[in-house]
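Taking it in order: structure first as structure tokens, then the write-up.
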Amino acid sequence: MDELNGRMMACQILITGLIARVANEQKDPLRFLTDFRDEIKAVVNGVNIAGENTDRVRQVAQRTVDELFSLMKPPSAN
């Protein structure tokens, strides 16, 4: 389980970095991040989750999206 958690964290860090890189190349990075976050949350809300305890899985996915985007800050003024 620790190995899986470590791999998931590595994926989250990689994805966060990629999103931040793309955002930095946009005219309005903060707007891009907000729009992208909203799109990802809509996907999480609409995706079909099979199995038991689907509400919990969806809640964890939503929290993960929030955590990923909370790691990003608006660019500094300098």
Side-chain angles (χ1 to χ4, degrees):
M1 192 62 153
D2 288 341
E3 182 180 345
L4 177 61
N5 287 338
R7 289 178 185 221
M8 289 301 295
M9 285 179 63
C11 287
Q12 288 175 335
I13 291 167
L14 176 64
I15 291 168
T16 302
L18 289 172
I19 294 168
R21 175 76 182 243
V22 171
N24 283 334
E25 295 177 3
Q26 302 299 312
K27 187 175 182 176
D28 186 357
L30 196 54
R31 175 95 170 144
F32 171 83
L33 289 173
T34 301
D35 291 346
F36 191 70
R37 181 204 58 214
D38 293 346
E39 288 177 29
I40 296 299
K41 288 185 120 186
V43 169
V44 170
N45 281 333
V47 73
N48 185 19
I49 301 172
E52 297 178 24
N53 216 354
T54 58
D55 290 336
R56 174 139 168 72
V57 171
R58 194 174 311 279
Q59 288 173 351
V60 169
Q62 287 287 0
R63 251 191 325 240
T64 301
V65 171
D66 290 336
E67 287 173 9
L68 282 174
F69 283 92
S70 72
L71 294 173
M72 298 179 210
K73 305 188 284 188
S76 63
N78 38 348

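Here the straight-line distance linking atom CD1 of Ile19 with atom CG of Leu68 works out to 6.5 Å at 0.5 Å rounding.
Residue pairs that meet the ring pair (Phe, Tyr, Trp, His ring centres under 6.0 Å) test with at least one member in residues 37-66, sequence neighbours left out, do not exist here. Residue pairs meeting the side chain to side chain donor-acceptor pair (under 3.5 Å) criterion with at least one member in residues 30-39, sequence neighbours excluded, do not occur.
Ile15 and Leu33 fall within a single hydrophobic cluster, where Ile, Leu, Val, Met, Phe, Trp and Tyr side chains are chained together by heavy-atom contacts under 4.5 Å.
In this structure Arg21 satisfies the salt bridge (Lys or Arg N to Asp or Glu O under 4.0 Å) test together with Glu25, sequence neighbours excluded. When the side chain to side chain contact (heavy atoms under 4.5 Å, CB included) test is applied to Gln26, the partners found at least two apart in sequence or on another chain are Val22, Phe32.
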Enumerate donor-acceptor pairs with a distance under 3.5 Å from any side-chain N or O in residues 41-55 to protein atoms, sequence neighbours excluded.
unit_1: Lys41; atom_1: NZ; unit_2: Asp66; atom_2: OD1; d: 2.9
unit_1: Asn45; atom_1: OD1; unit_2: Gln62; atom_2: NE2; d: 2.7
unit_1: Asn45; atom_1: ND2; unit_2: Lys41; atom_2: O; d: 3.4

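Apart from Leu14 itself, the hydrophobic cluster it occupies contains Leu18, where clustering links Ile, Leu, Val, Met, Phe, Trp and Tyr at side-chain heavy-atom distances under 4.5 Å.
Shown here for Ala23 and Pro29, the closest heavy-atom pair between the two residues is O-CB, 3.2 Å.
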